[in-house]
Number of protein chains: 2
Amino acid sequence: MKIGELAQQSGLTPSRIRFYERIGLLKTVARRPNGYRTYPQQAVMILGLITTAQRAGFTLDEIRTLLPSDLTHWDHAALMDALTRKIVDIEALQVRLTQSRAHLLRLIEDIQERPDDMDCAANAHRVLTNMLADHPEALDVTSGDIRLLDTKDRRQSVSPGRRKKTASR
Amino acid sequence: MKIGELAQQSGLTPSRIRFYERIGLLKTVARRPNGYRTYPQQAVMILGLITTAQRAGFTLDEIRTLLPSDLTHWDHAALMDALTRKIVDIEALQVRLTQSRAHLLRLIEDIQERPDDMDCAANAHRVLTNMLADHPEALDVTSGDIRLLDTKDRRQSVSPGRRKKTASR
DNA sequence: CCTAACCTTGAAGCTAACTTCAAGGTCAAG
DNA sequence: CTTGACCTTGAAGTTAGCTTCAAGGTTAGG
């Protein structure tokens with residue numbers, strides 16, 4: 001399989017696949033006499049695995065250290081450990097999000113609750129003071145960070161026909 | 001107030017404050033005859049507001065468009081709109097996180113549920129197949145993205161004494 | 001008067017995860 | 001034998017939000 005075909009089957013761009021190879025996430029594959037890369041069918045699965053892990057919040061660095069060269073020989077302990085820690089990270093982030101959401105809701109309410117006898121300027125001041133008072137200190141969230149994919153899908157648009165020139169612009 | 005003092009009071013670094021000015025998030029302030037910036041007391045509040053908004057998931061760009069030059073004159077409608085949309089974004093992210101967490105938990109269980117008569121290689125294959133089958137298609141989360149601060153606190157360490165030289169390395 | 005801690009600027013560097021570009025080689029069809 | 005869709009490489013660009021650096025001016029204390 002040439003890189004273009006792998007790209008189609010995996011939903012990634014060729015440049016991304018080459019990039020993964022460059023950073024050592026994919027091992028270097030065999031080449032045809034003309035220099036073209038040839039991929040085994042398994043490569044589709046590996047790429048699927050990588051994007052799945054990314055969606056779960058793993059960085060490429062983390063994925064690299066976890067991915068074995070042979071898909072049938074995983075470092076069981078390290079993997080479980082990483083999965084567990086990632087869950088903890090996610091939970092920490094969920095807590096933060098819940099707090100942020102609550103904070104924003106409170107803020108909205110606070111803004112709308114303007115006393116009838118108060119003008120906008122004074123209300124602004126009231127709300128601001130409330131809000132800043134609300135934060136006793138930098139909340140000390142000391143845990144690993146989570147990286148999520150942007151919500152705009154990173155995957156190559158699942159070719160609706162044939163790409164002519166990677167689409168204009 | 002000089003920039004160093006503002007930095008202390010706000011918990012930000014001077015470079016960060018200058019950066020905010022450069023990108024138009026802070027309006028250019030008055031200068032002393034020697035060229036030093038002088039800040040009004042209010043600047044502390046504005047910076048507090050900015051970091052609070054950041055913690056809530058707003059980008060500096062968003063904050064810039066929302067922040068009025070006069071803190072007592074907000075664009076009420078735009079503000080409420082932005083707050084509401086941000087809450088929606090947070091909720092979308094929470095959904096994703098919940099899915100990711102569930103996915104990871106299922107994966108852990110799946111790995112541990114290896115049938116006694118199956119060797120590791122076969123189990124690996126079973127788990128992989130399950131996992132990749134698990135994703136019917138790229139889940140189409142079409143919403144704005146949320147940027148959260150890294151969990152490692154961006155704030156300047158709340159000066160435990162006197163910084164000599166911004167601390168070594 | 002010296003020194004250290006401030007302040008100034010513009011430019012460059014950092015991280016992550018890619019993409020884009022430039023410049024060129026390969027290959028199948030017509 | 002020409003066209004155009006592929007493939008190759010290395011280098012540079014992108015985004016966000018800063019920091020760091022280099023090179024220099026200012027100021028308060030002793």
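Letters A, B, ... are given to chains in the order of the sequence lines, protein chains preceding strands, and every chain is numbered from 1. Keep in mind that the numbers below use all heavy atoms, side chains included, and drop hydrogens, waters and symmetry copies.
Of the candidates dA17(C), dT8(C), dT26(D), dA17(C) carries the atom nearest the Thr59(A) side chain, counting heavy atoms from C-beta on. Looking at the side chain of Arg16(B), the nearest of the listed nucleotides dC18(D), dA17(C), dT9(C) is dC18(D). Taking the side chain of Ser15(B) as heavy atoms from C-beta on, and the options dC18(D), dT20(D), dA12(D), the nearest nucleotide is dT20(D).
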What verdict does the side-chain contact (heavy atoms from CB on, under 4.5 Å) test give for Val44(B) and Tyr39(B), after you've listed the backbone C-alpha separation in whole Å, the side-chain angles of each residue and the deciding distance to 0.1 Å? CA-CA 9 Å; Val44(B) 179; Tyr39(B) 293 92; over 6 Å; no
Can you check side-chain contact (heavy atoms from CB on, under 4.5 Å) on Arg37(B) and Met1(B), steps first, answer last? CA-CA 8 Å; Arg37(B) 292 172 178 81; Met1(B) 197 186 338; over 6 Å; no
Please evaluate residues Tyr36(B) and Arg31(B) with respect to the criterion side-chain contact (heavy atoms from CB on, under 4.5 Å), reporting the C-alpha separation (whole Å), side-chain torsions for both, the decisive distance (0.1 Å), and the verdict. CA-CA 5 Å; Tyr36(B) 289 15; Arg31(B) 302 292 188 118; over 6 Å; no
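Between the side chain of Tyr36(B) and the base of dG25(D), at least one donor-acceptor pair of N or O atoms lies under 3.5 Å.
In this structure, Ile23(B) reaches neither bases nor backbone, as no heavy-atom distance under 4.0 Å exists between it and the strands shown. Here Arg22(B) lies in heavy-atom contact (under 4.0 Å) with a base. Residue contacts shown for Arg18(A) include a base, since a base heavy atom lies under 4.0 Å away.
Checking Gln54(A) against Thr59(A) by side-chain atom types alone, no donor-acceptor pair falls below 3.5 Å.
In this structure, the salt bridge (charged side-chain N to carboxylate O under 4.0 Å, His left out) partners of Glu91(B), at least two apart in sequence or on a different chain, are Arg101(A).
Look at CZ on Phe19(A): it is 18 Å from P on dC21(C), rounded to the nearest Å. Rounded to whole Å, the distance from CZ on Arg37(B) to P on dT27(D) is 15 Å. Arg31(B) places its CZ atom 19 Å from the P atom of dC6(C), with the value rounded to the nearest Å. Here the C1' atom of nucleotide dT15(D) and the CG atom of Leu60(B) are 12 Å apart, to the nearest Å. The CG-P distance, from Asp61(B) to dT14(D), rounds to 16 Å in whole Å. Rounded to whole Å, the distance from CD on Gln8(A) to C1' on dC7(D) is 15 Å. The distance between atom OH of Tyr39(A) and atom C1' of dC7(D), rounded to the nearest whole Å, is 11 Å. Arg32(A) has its CZ atom 10 Å from the P atom of dT8(D), to the nearest Å.
When the side-chain nitrogen and oxygen atoms of Thr13(A) are compared with OP1 and OP2 of dT19(C), one or more of them lie within a distance under 4.0 Å. For the pair Asn34(A) and dC7(D), the criterion of a side-chain N or O lying under 4.0 Å from OP1 or OP2 is not met. Tyr20(A) has no side-chain polar atom (N or O) that falls below the 4.0 Å cut-off from OP1 or OP2 of dA17(C).
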According to the Watson-Crick and G-U wobble definition with distances under 3.5 Å, which dot-bracket string, read 5' to 3', encodes DNA chain C, using [ ] for crossing pairs and | for pairs with another strand? ||||||||||||||||||||||||||||||
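For Glu21(A) and Lys27(A), the salt-bridge test fails: no basic side-chain N is under 4.0 Å from an acidic carboxylate O.
Proximity of a side-chain donor or acceptor of Arg106(B) to a complementary backbone N or O of Asp110(B) within less than 3.5 Å is not detected.
Comparing Glu5(A) and Lys2(B) by the nucleotide of DNA chain D whose heavy atom lies nearest to each, the residue mapping closer to the 5' end is Glu5(A).
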Distance-only check: which donor-acceptor pairs under 3.5 Å involve side-chain atoms of residues 68-83 of chain A, not counting sequence neighbours?
from: Asp70(A); atom 1: OD1; to: Thr72(A); atom 2: N; distance (Å): 2.8
from: Asp70(A); atom 1: OD1; to: Thr72(A); atom 2: OG1; distance (Å): 2.9
from: Asp70(A); atom 1: OD2; to: Thr72(A); atom 2: OG1; distance (Å): 3.1
from: Trp74(A); atom 1: NE1; to: Leu71(A); atom 2: O; distance (Å): 2.5
from: Asp75(A); atom 1: OD1; to: Ala77(A); atom 2: N; distance (Å): 3.4
from: Asp75(A); atom 1: OD1; to: Ala78(A); atom 2: N; distance (Å): 3.2
from: Asp81(A); atom 1: OD2; to: Arg85(A); atom 2: NE; distance (Å): 3.2
from: Asp81(A); atom 1: OD2; to: Arg85(A); atom 2: NH2; distance (Å): 3.1

